[in-house]
There are 4 protein chains.
Amino acid sequence: MKHQASAAASPNLRDRLRVLTSQAILDAAEVVFATQGLQAARMEDVAARAGVAVGTLYNYFKDRESLVASLHAWRHQQMIELFEQSLAAGEAQPFEAQLLGVVRPLLSHFDQHRAFFVVLMQSEAEVGRRETMCVRRAAILELRGCFERVVERGVASGALRREDAEIFPSAIFAMMQCAMMQAHFSESATPVADQAAALVRLFLDGARVRP
Amino acid sequence: MKHQASAAASPNLRDRLRVLTSQAILDAAEVVFATQGLQAARMEDVAARAGVAVGTLYNYFKDRESLVASLHAWRHQQMIELFEQSLAAGEAQPFEAQLLGVVRPLLSHFDQHRAFFVVLMQSEAEVGRRETMCVRRAAILELRGCFERVVERGVASGALRREDAEIFPSAIFAMMQCAMMQAHFSESATPVADQAAALVRLFLDGARVRP
Amino acid sequence: MKHQASAAASPNLRDRLRVLTSQAILDAAEVVFATQGLQAARMEDVAARAGVAVGTLYNYFKDRESLVASLHAWRHQQMIELFEQSLAAGEAQPFEAQLLGVVRPLLSHFDQHRAFFVVLMQSEAEVGRRETMCVRRAAILELRGCFERVVERGVASGALRREDAEIFPSAIFAMMQCAMMQAHFSESATPVADQAAALVRLFLDGARVRP
Amino acid sequence: MKHQASAAASPNLRDRLRVLTSQAILDAAEVVFATQGLQAARMEDVAARAGVAVGTLYNYFKDRESLVASLHAWRHQQMIELFEQSLAAGEAQPFEAQLLGVVRPLLSHFDQHRAFFVVLMQSEAEVGRRETMCVRRAAILELRGCFERVVERGVASGALRREDAEIFPSAIFAMMQCAMMQAHFSESATPVADQAAALVRLFLDGARVRP
DNA sequence: TATGAATGAGATTTCATTCAT
DNA sequence: AATGAATGAAATCTCATTCAT
């Protein structure tokens, strides 16, 4: 009541701390899960890395599964947003440039969270609870839907063949995934994003020698 | 060797029984791992499915990890052999036909062991023990090596561009993987092998509209 | 005392508030313990029901055990007082009437706090800390002592046999308990107090057919 | 095959061992639960007392709750059987003798498992899972049903009043329970069974002085 | 004085592995 | 060689209690 600043900030303070802690836990979880593997990692490790007690994890996430799910949802959301921005930014450009404008930022995002995305893929393949699977599938389908929109635009603008258009979204997605996996297994330090142009070219022109 | 006929046959019989049991266990393991997930599956489940006691598993495989590794090695070996046969069989054909001749049987193999390959991919992304990782990486690199040989032949025969040849093997591999994953997540019943031709065409000619 | 009117009233106000909060907590605790069970109930639940924060509970009661003990003591005190009043009120009446005058109000009290008394009995059987047990035993003995006084008066007035007088207090007590338990398990809605007369008659005359 | 005895015993051996272990666990559980209290007792304590590893408990009982339930069921069954035998044994005797013939053995059984029965009562009052409650209630009702049969016989033989017969079963039951509780709280070493005759007399003749 | 997020000891349960029969 | 009961380390999750605001 007395101090405007402190009084005004006070109610927000708790909330801000909550958000901060929540983020700290998610950040820690990402690193720990990526480093130790999704199942090998113990909640205690996540807590230790986040600098909180185990019990605190459970004040923010119902259980282990919920923590993993939140992590997924978070990164997924970021990717979708990144995609939307990139797509909108390239709206005025010719198709190839727009495609590259979408692929490169996504690969950059990959680069920044490389370790975690491996975990993400791993758990995507996981044969777990039914509901978990559904959520995952929905997420993947949403991402694929993004690429479908790009392909549609390519077809509409006359840049892509209409006949095989059905498999194009998956094809781009696959190439990106592959670049990712390869970087992971070869433990290469070069950013995957550097291959964006080559990938787009391969997707558009194929591998065949032109006369 | 020491004993008469029956005794001479006996060691063979024993060996054959050993192999039979071993195979039964691996078969059971494949199904159980694929059905329940690699970590969710319990050794007891594998034993039950194989029709043996838990202890027996440990008479044939040092430990859980060793069982999984054997399963991997087994399927991997089959794929390599399949690849070699397909490649040799298409030696006389033009490049596109040979490539298709390699891709289609591999996808068929995928189709037959679809569930397990998902598990395989899952564990490939696994960040487990260092030595396990090495073995896995070696296996993947070997498979990629196979595709490198195909690409080399394509380049040599003038069918593929030399400039981007470096990323071609991964690209083909990626497209196959992707077709696989997509089938898994969409729970499609159509054989992935049916998409072989489309994949090869996309790889060779790209997605761009030709004038 | 030192300060003026407002200051003089202030300590009383504070005290009254303390008592009010304390009562609110005890009331909440009774309901929560009775509903969820003595061990299943969490301090947080009690706090929520009382409309205070968890920390506040510990401003009023040292710890969980102390809260339970207070609850017990409170109800126990009420029963003792109820007993004394009833006993005094029936002093001039013949023995059977006086006994009924004691039993019926106690059973009514039971009816009002039925759920809690089940919890009370439960914890009476609890094999917990030594000191807790002592307190409980003292409470029970005090209640039994009340009935001993009634029995004594019955013997003195020539209404009860002297020979078996030792087991009479427990017998009455047992019958009351039993009526209680039975009501609980049969989830009967009829007040136990309605059986008071029948219980007293059974206690006095037994079950045997008289010639 | 070679040895009749050993071969014949062999299949039974495992089963007999299973039963033995199962009994050992139940015995240990009874003591531990009675000594430490139903919730205070840890599975580890039960295991230690039974001389097995914790895991073994779970080879025999699905979970903690199941162990407790088995214990209850076991003792309950024994009591029912004891009751049936006693009742049949006194069939030819006059009512009072038959009643005593039923009450005394039950109280003896109480004496032998005194500590556990306290636990039994405690958990009977427990407000736990719905299904658990149902099982318990069924058990109690079954026991009460036994006493109802005795009372019926008493009424039929003209020994008991018909009018109040409804509350007689509970009354006997209550008196027995009370004797039990009292012995527990007073930590008396005298067998409760010694009070059997007094209880029966009180039940039959009441406390009133006869002219 | 009230608050409620943080704490961390402790309990239950699982399951890969062993080993006596 | 096959069996399957016993083992016990390890992981998840709970909740009474504390203490900074």
Side-chain angles (χ1 to χ4, degrees), chain A residues 6 9-11 13-15 17-18 21-22 39-47 50-67, chain B residues 14 17-18 21 39-48 51-67, chain C residues 14 17-18 21 39-48 51-67, chain D residues 6 9-11 13-15 17-18 20-22 39-48 50-67:
Chain A
S6 75
S10 176
L13 182 60
R14 278 245 163 112
D15 287 355
L17 283 179
R18 274 202 79 85
T21 308
S22 176
Q39 331 94 35
R42 302 167 318 133
M43 292 300 269
E44 200 181 326
D45 298 330
V46 174
V52 299
V54 213
T56 303
L57 299 185
Y58 292 87
N59 288 338
Y60 287 83
F61 303 93
K62 188 185 166 298
D63 53 16
R64 192 188 209 279
E65 193 179 353
S66 163
L67 174 56
Chain B
R14 279 218 174 139
L17 283 179
R18 269 203 81 83
T21 308
Q39 314 98 37
R42 292 148 60 241
M43 293 297 271
E44 200 182 324
D45 298 328
V46 174
V52 299
V54 221
T56 305
L57 299 185
Y58 290 85
N59 290 336
Y60 287 83
F61 302 93
K62 184 181 168 298
D63 54 17
R64 190 186 209 277
E65 194 178 352
S66 162
L67 174 58
Chain C
R14 279 220 175 137
L17 283 179
R18 270 203 82 82
T21 308
Q39 315 98 36
R42 294 147 60 242
M43 292 298 270
E44 201 182 324
D45 298 329
V46 174
V52 299
V54 221
T56 304
L57 299 186
Y58 291 86
N59 290 335
Y60 288 82
F61 302 93
K62 184 181 168 298
D63 53 19
R64 191 189 209 277
E65 194 178 353
S66 162
L67 174 57
Chain D
S6 76
S10 177
L13 182 59
R14 279 245 162 113
D15 287 354
L17 282 178
R18 273 201 79 85
L20 243 57
T21 308
S22 176
Q39 332 94 35
R42 302 168 318 135
M43 293 299 269
E44 200 181 327
D45 298 329
V46 175
V52 300
V54 213
T56 303
L57 300 185
Y58 291 86
N59 289 337
Y60 288 83
F61 303 93
K62 189 186 166 299
D63 54 16
R64 191 187 210 280
E65 193 178 354
S66 164
L67 173 57

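Each chain gets a letter, A, B and so on, in the order the sequences are listed, and its residues count up from 1.
- Pairing each heavy atom of B:Asp63 with each of B:Tyr58, the nearest pair is CA-CE2, 4.0 Å.
- Nearer to the 5' terminus of DNA chain F, by closest-nucleotide assignment, is the contact made by B:Ala53 (compared with the other of D:Gly51 and B:Ala53).
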- Query: Quick one: what's the B/S/- string for nucleotides 10-15 of chain F, heavy-atom cutoff under 4.0 Å, read 5' to 3'?
  - Reply: -SSBBS

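- The OG atom of A:Ser22 sits 12.0 Å away from atom CG of A:Asp15, with the distance rounded to the nearest 0.5 Å.
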Please report, to 0.1 Å, the donor-acceptor pairs under 3.5 Å made by any side chain of residues 40-48 of chain B, with sequence neighbours excluded.
from    : atom 1 : to      : atom 2 : distance (Å)
B:Arg42 : NH1    : B:Asp45 : OD1    : 2.9
B:Arg42 : NH1    : B:Asp45 : OD2    : 3.4
B:Arg42 : NH2    : B:Glu44 : OE1    : 3.1
B:Asp45 : OD2    : B:Arg42 : N      : 3.3

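- Between D:Gln39 and D:Arg64, the shortest heavy-atom distance links the atoms O-NH2, 3.5 Å.
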- Item | DNA chain F base-pair string [pairs: Watson-Crick or G-U under 3.5 Å; |: paired with another strand] | .||||||||||||||||||||

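- Not a single salt bridge (charged side-chain N to carboxylate O under 4.0 Å, His left out) links C:Arg18 to another residue, sequence neighbours left out.
- Side-chain atoms of D:Tyr60 and D:Thr56, non-hydrogen and from C-beta on, do get closer than 4.5 Å to each other.
- C:Phe61 comes within contact range of no nucleotide atom at all, as no heavy-atom separation falls under 4.0 Å.
- Nucleotide F:dA1 holds its C1' atom 7 Å from the OH atom of B:Tyr60, rounded to whole Å.
- In 5' to 3' order, the nucleotides of DNA chain E bounding all contacts with chain C (an atom under 4.0 Å from a heavy atom) are E:dA2 to E:dG4.
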